[in-house]
Amino acid sequence: MKMRLTATHIILTVLAFVVVLIWLLPFYWAVSVSLRPPSMTFTCKGLCFPYLQFPPTLEHWKTELSSREMLRALLNSSIIAFTASFFTLVLGTPAAYALARFRFSPRLVVIFAFVFCAILAFTAASFGVDWRLALLAAFVIFLGFAMTLGNRFEKRLGNEDITLWFLSQRFLPPIVTVVPFLLIMSQFKLIDTRLALILVNITFNLPFAIVIMRQAFIDLPIELEEAAMVDGASFFGSFYRVALRLTAPVMAATLMIILAFCWNELLFALNLGTLKAKTIPALLAGSASTRGIQFWFVAVRALIALIPPTILALLAQRYIVRGLTFGAVKG
Amino acid sequence: MRWNSPLKYVFLLPTVIWVLCFTMFPLLYSLRLSFFRVNIGQKDIFIGLENFARAFKDPNVWNAAKVTLTFVLVGVSIQLVLGLLFALLFNRALPGRNVLRTIMTLPLFATPIGVGYMFITIFHEEGGFIRASLGAKIPWLSNPNWAMVSVILVDVWNWTPFVFIVLLAALQSIPEEYYEAARLESSSQWELFRYITFPILQPSIILVLILRMSEAFKVFDIPFSLTSGGPGIATETFSMLTFNTYRRFFDFGYGSALAYLLLIAVAIIVTSFFGRIRQAYT
Amino acid sequence: MRRIIGYLVLISLFFGWALAQENIKWGDDGSLTIITQDDHEEITIPADQVGTLFGPGEQPFAGQRIAITVNTGGPKGGISGPLHQLRPAWEQLTGAKLDIVEMPLPEQLPTTINDLRLGLNQFDGFIEGAWYMGEYITPGFIIPIDDYIADPRFPHWDPNWMPPSLRNIYTWENKFYATLNDSDGQVLYWRNDILSDPEWQAKYKEEVGSDMPFPVKTWDDVIAISKFFNGKNWDSNDPDPDSGVVLHFKVNAQGHFHFMTMSASYVVRPGDTVDRCTNNYWFDPATMEPLINQPGHVKALEKLQELAQYGPEAQAAWDLTEGWDYFMRGKAIFTFSWGDVGALVQDPTRSKIQGKLGASIVPGSTDVYNMCSNAWETLDEPNVVGNTVGGSWQGIISSRTPNPETVYSLYSLMATAPVHSWNTQRGWTGVDPGVSIDFLPPNGTATLEGYEAAGWNPDDVKFYTQAYYDNFYAKTMMPYIRINGTEEYWRALDQNLSEAMIGRMTPQEALDRTAEAWKGITERRGLDLQLKQYQEAIGYHP
């Protein structure tokens with residue numbers, strides 16, 4: 001594009017800068033609040049620059065960063081986010097590869113039968129039938145059905161449908177599963193453990209990883225893998241040495257985006273992590289106290305929470321559009 | 001070629017089983033809870049559709065539905081319009097365009113609950129940024145209508161960049177030749193936009209719309225931290241109401257019923273755009 | 001990554017170093033000096049109050065680890081602050097470790113109750129609001145502590161320090177469950193320098209046409225004075241006009257306590273008995289019918305709305321701190337709130353009105369609604385009702401903990417006279433006065449010098465301690481409820497009040513809707529159980 005220095009152009013350029021400044025302002029203001037002495041929190045006029053309008057203090061940062069609870073939350077958040085996003089990819093990438101390269105064609109009727117039997121077993125169990133018995137009975141019914149009647153219907157599903165099914169999990173409002181997770185986790189004595197939060201985060205990010213990695217594999221020319229196989233590589237070998245290597249940048253970006261999602265997760269963190277597994281967002285959620293909000297600490301906590309995902313956003317910059325649209329648009 | 005190895009099931013099945021166990025089972029469990037009166041430690045009592053009937057009579061539910069719908073419709077529209085305008089604005093020769101674009105993406109991954117608290121210091125009516133620097137005395141958080149405006153504004157700040165970068169990417173994929181060809185026929189700027197840019201952008205706009213709407217329906221973090229649903233219940237969204245019901249009052253049955261109502265609403269939105277989703281992802 | 005780990009190691013090293021500091025000192029006479037965490041202040045407990053459990057070189061609970069839940073506030077926040085400040089000293093005294101589990105105010109009860117019901121038992125003790133107690137006691141989740149109080153091994157505090165009104169909410173069926181900590185009740189605060197200024201009184205008479213009704217006796221007096229001062233710049237701290245009153249009404253942030261305090265004098269009829277219309281506020285003790293939408297309550301809410309319009313508009317979204325800070329910046333004549341205000345006013349970093357404070361028990365109303373005859377009664381003297389509204393945040397011990405003694409050793413240390421006074425004299429601790437060791441003679445045993453040494457203005461102290469003495473020893477008290485589901489009842493009330501305060505509902509609508517919600521709650525929790533508990537709670541005998 002050519003640069004033309006017309007009046008409109010200058011005005012529009014200035015406008016663009018103004019927009020960006022407005023978007024940066026909240027960050028700046030939080031920093032400013034975090035450096036102010038408490039009595040200045042709401043009495044500072046103008047843009048309130050440190051040094052010019054008030055003597056900045058690091059007191060609040062020190063207090064927060066030396067609190068045992070804050071350090072533990074930082075550690076928890078890091079462990080949970082790293083482990084969960086790593087295992088999301090470990091589980092999701094092969095599935096994505098399979099959906100990109102192979103054809104799956106399950107019979108529609110079998111799936112209906114499966115769902116029906118699952119509901120049947122569940123209903124029976126919830127009305128007091130022993131759950132092992134219910135499960136067994138449902139399984140027998142399912143097998144019988146699939147082997148007899150199931151063969152009579154030819155309508156089949158394709159890879160696209162399976163992908164969409166995964167994607168639909170992402171649209172699910174997580175609040176629906178909070179209570180069941182709470183009860184299940186308490187059955188397995190997993191409440192307030194990092195493991196519980198890791199499992200939940202993997203579950204909610206799996207669809208994301210599958211959809212986005214599948215697109216990456218589809219974009220990869222299939223000839224490269226076929227050439228490797230002609231050279232004697234096994235199917236697994238070509239996946240490992242060719243496909244994975246070539247999609248490594250997308251994988252890294254996906255990892256970072258999932259990391260940010262895990263770091264920001266609040267709803268389950270509030271419910272499943274109270275003490276030992278409390279994460280940063282859950283810690284932040286407690287900022288309104290018995291005796292009101294202390295804005296100077298809140299600003300510090302909010303900034304501490306914001307910094308890591310913001311850095312991730314910078315690192316994953318090239319793939320951010322692709323990531324947030326689940327691979328539908330390539331930026 | 002060997003593109004039909006049984007190994008393919010080894011690749012796919014663990015994930016399918018995982019998702020079945022961790023989403024289908026909880027979904028069924030939650031559906032079951034919604035037909036019961038649940039008191040932990042006591043036996044659950046089957047009450048049929050009573051929880052759902054109660055929801056339709058509960059003024060708080062109607063309020064939450066109204067708040068959520070307003071939030072989704074107004075918020076997402078503003079984001080679409082602003083995002084489109086910004087994309088057009090940035091789709092020209094700008095000094096340092098990439099840096100500016102990068103800065104604009106910062107809010108996207110910012111911890112939403114942190115964002116909410118951060119904005120209290122902006123909106124605070126006695127000494128927040130707007131009062132201190134611009135001098136405008138607006139009841140941002142104490143007036144029910146303004147509180148709604150505040151919540152929407154924060155969401156706009158948070159998510160307009162998403163619309164912006166997606167549409168900017170789409171704009172940049174339009175070959176310059178299209179415009180050059182059109183200019184030969186001396187089209188005005190508006191006509192260029194109307195007949196070339198917009199039709200090419202349209203699929204992306206609809207995609208963004210679906211993604212934003214399905215997310216906005218679940219909104220929880222921002223009103224939770226910014227207004228905690230207040231003043232009164234003027235900004236209590238559906239997710240918050242559900243959360244409060246089961247969490248603060250241990251009413252697991254009723255809470256699950258409410259959650260299911262939300263699930264149905266989101267499902268309606270998503271399925272009504274199903275054709276477009278299918279096209280975008282397969 | 002390696003670098004991050006490096007930083008983490010550095011931080012934890014710093015932390016370890018901080019922990020290695022001496023946090024206690026033993027005197028030659030056997031007295032114990034505790035050093036607080038952040039400001040390294042020293043609190044000395046005389047030998048006869050220390051108990052026998054602790055001693056130089058002894059660590060009776062070495063190796064144990066306990067977790068105590070408390071509302072979020074951080075190391076310098078209300079109620080949680082004292083735990084943080086005493087933690088290093090207590091850990092060194094006992095050898096045990098203390099986890100402070102902070103939770104948002106509306107989350108603590110549900111989280112702990114879920115934990116107990118599901119049998120996870122992660123916590124050993126809770127610093128709870130008094131209205132939660134029924135929820136813990138009914139299923140047997142907490143233990144009585146009378147034996148511990150009498151046990152000479154533990155640090156010494158005396159239940160007889162408490163006025164009957166407070167004792168009432170620290171006990172259940174005459175057994176102590178909670179250890180002395182906080183004493184909540186709202187009193188009226190005002191700017192004494194302005195109201196007792198003859199110049200302003202003259203101006204008032206000139207403008208209004210009658211004498212300024214000061215000292216105030218009724219809520220109408222408060223309204224009249226607020227109306228006069230609102231919008232005038234009567235305080236020279238800033239050039240903007242100031243307000244008549246400041247309150248806080250943010251939803252889910254204890255705004256409903258203002259309504260309880262104010263409405264009590266319109267509703268709670270004095271008398272020696274307890275029945276539907278005497279010494280009663282919440283429900284009909286014979287049928288559990290909600291009384292919250294009776295004409296007395298409705299009129300009180302109308303009065304509250306009338307009063308609130310003479311305050312800043314923003315207060316509808318304020319929580320307590322924001323309201324208090326407004327008062328302390330010299331922006332309002334009146335507020336009625338907890339003891340924190342009086343203590344915070346003494347803190348020059350947050351307050352500009354030290355030495356200008358007036359305080360008294362809240363005013364009354366000459367009209368009281370009789371809920372038996374369904375008619376208003378007019379009294380000769382205003383009906384003044386004391387209150388214990390608020391949480392009186394108090395330590396209770398889980399019945400599931402393997403280490404109840406460890407927990408109690410912490411609570412009792414916090415309840416000793418020197419630590420308690422240290423807490424009450426500092427505003428940020430959130431611990432408010434209410435027991436005899438906080439009051440000046442002849443009401444109690446505190447000394448003016450003690451307060452002055454903590455930085456108090458002597459005039460403020462006199463007003464303040466007298467106000468709280470009058471409040472907690474008032475002849476008529478507002479009944480406090482702690483039955484199962486109180487949180488749920490109060491939240492419904494809070495939500496509808498908040499709707500009324502922003503004008504989305506009329507007082508009648510808001511309270512009707514509350515009554516409707518209460519009926520539902522009672523029904524879901526079981527009418528018989530709720531009724532029985534309510535009768536016990538207010539001492540009603542059918």
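Just so you know, these numbers come straight off a predicted model, no measurement behind them. Residue numbers start from 1 in every chain, and the chains themselves are labelled A, B, ... in the order their sequence lines are given, proteins ahead of strands.
Within the 4.5 angstrom heavy-atom criterion, only side-chain atoms of B:Val266, from C-beta onward, approach chain A. When heavy atoms are compared at a cutoff of 4.5 Å, B:Phe238 does not approach chain A at all. Interface residue A:Leu167: only side-chain heavy atoms are found under 4.5 Å from chain B. With a 4.5 Å cut-off on non-hydrogen atoms, B:Phe129 touches chain A through its backbone and its side chain both. B:Leu108 touches chain A through its side chain: at least one heavy atom from C-beta onward sits under 4.5 Å away, while N, CA, C and O do not. If you measure heavy-atom distances from B:Val10 to chain A, you find no contacts under 4.5 Å at all. Only the side chain of B:Leu207 comes within less than 4.5 Å of a heavy atom in chain A; its backbone stays farther off. The contact between B:Phe46 and chain A is made entirely by side chain atoms (from C-beta outward), counting heavy-atom distances below 4.5 Å. In this structure, chain A has heavy atoms under 4.5 Å from both the backbone and the side chain of B:Phe243. Heavy atoms closer than 4.5 Å to chain A are found in the side chain of B:Leu89, but not in its backbone. Contacts between B:Leu28 and chain A at a heavy-atom distance below 4.5 Å involve backbone atoms as well as side-chain atoms.
Residue with the most contacts toward chain A among B:Phe86, B:Phe36, B:Trp157, B:Tyr29: B:Trp157 (heavy-atom pairs, distance under 4.5 Å). Interface check for chain B: of the options A:Ile162, A:Ile202, A:Ile119, the most heavy-atom pairs under 4.5 Å are formed by A:Ile202. Put simply, of B:Pro161, B:Ser173, B:Pro14, the one with the most heavy-atom pairs under 4.5 Å next to chain A is B:Pro161. In terms of non-hydrogen atom pairs under 4.5 Å with chain A, the most contact-rich of B:Phe220, B:Phe109, B:Phe217 is B:Phe109. Looking only at heavy-atom pairs under 4.5 Å with chain B, the residue among A:Ile304, A:Thr177, A:Leu206, A:Leu303 that has the most is A:Leu206. Of all the listed residues (A:Leu266, A:Thr310, A:Ile210), the one sharing the greatest number of non-hydrogen pairs under 4.5 Å with chain B is A:Leu266. Comparing A:Leu312, A:Leu267, A:Val211 by heavy-atom pairs within less than 4.5 Å of chain B, the highest count is held by A:Leu267. Of the residues considered (A:Ser168, A:Pro281, A:Ala98, A:Ala16), A:Ala16 shows the highest number of contacts with chain B, using heavy-atom pairs under 4.5 Å. Chain A forms the most heavy-atom pairs under 4.5 Å with one residue out of B:Leu258, B:Thr23, B:Leu27, B:Thr102, and that residue is B:Thr102. Contacts with chain A were tallied for B:Gly128, B:Ser204, B:Gly96; B:Gly128 has the most, counting heavy-atom pairs under 4.5 Å. Of the listed residues B:Ile103, B:Leu13, B:Val115, the one with more heavy-atom pairs under 4.5 angstrom with chain A than any other is B:Ile103. Each of A:Pro309, A:Gly158, A:Ser32, A:Ser34 has some count of heavy-atom pairs under 4.5 Å with chain B, and the biggest count is that of A:Pro309.
Remark: the backbone N or O of B:Leu33 is not paired with any side-chain donor or acceptor of B:Ser256 at under 3.5 angstrom. Judged purely by atom type and a 3.5 angstrom limit, A:Trp29 has no side-chain atom pairing as donor or acceptor with the backbone of B:Met118. Judged by distance alone, with hydrogens and angles left aside, the side-chain atoms of B:Ser30 form a donor-acceptor pair with the main-chain N or O of A:Val176 at under 3.5 Å. With hydrogens and angles disregarded, a donor-acceptor distance shorter than 3.5 Å links the side chain of A:Ser77 to the backbone of A:Ile280. Under a 3.5 Å cut-off, the side chain of A:Arg170 and the backbone N or O of A:Phe204 do form a donor-acceptor pair.
Within a 6.0 Å radius of CD in A:Gln187, no more than 12 heavy atoms belonging to other residues, nucleotides or ligands are found. Other residues, nucleotides and ligands contribute at most 12 non-hydrogen atoms within 6.0 Å of the CZ atom of A:Phe87. The environment of A:Phe114 atom CZ is sparse: at most 12 non-hydrogen atoms of other residues, nucleotides or ligands sit within 6.0 angstrom.
Between B:Phe123 and B:Phe119, the ring planes are tilted. Angles from 30° to 60° get that label.
The shortest non-hydrogen separation linking B:Leu263 to A:Pro173 is CD1-CD, 3.4 Å. Of all the heavy atoms in B:Pro26 and B:Phe22, the pair that sits closest is CG-O, 3.1 Å.
The aromatic ring centres of A:Phe102 and B:Phe11 sit 6.0 Å or more apart. Checked against the 6.0 Å centroid threshold, A:Trp23 and B:Phe164 do not count as a close aromatic pair.
Under the salt bridge (charged side-chain N to carboxylate O under 4.0 Å, His left out) criterion, the residue pairs touching residues 17-32 of chain B are B:Arg32-B:Asp44, with sequence neighbours excluded.
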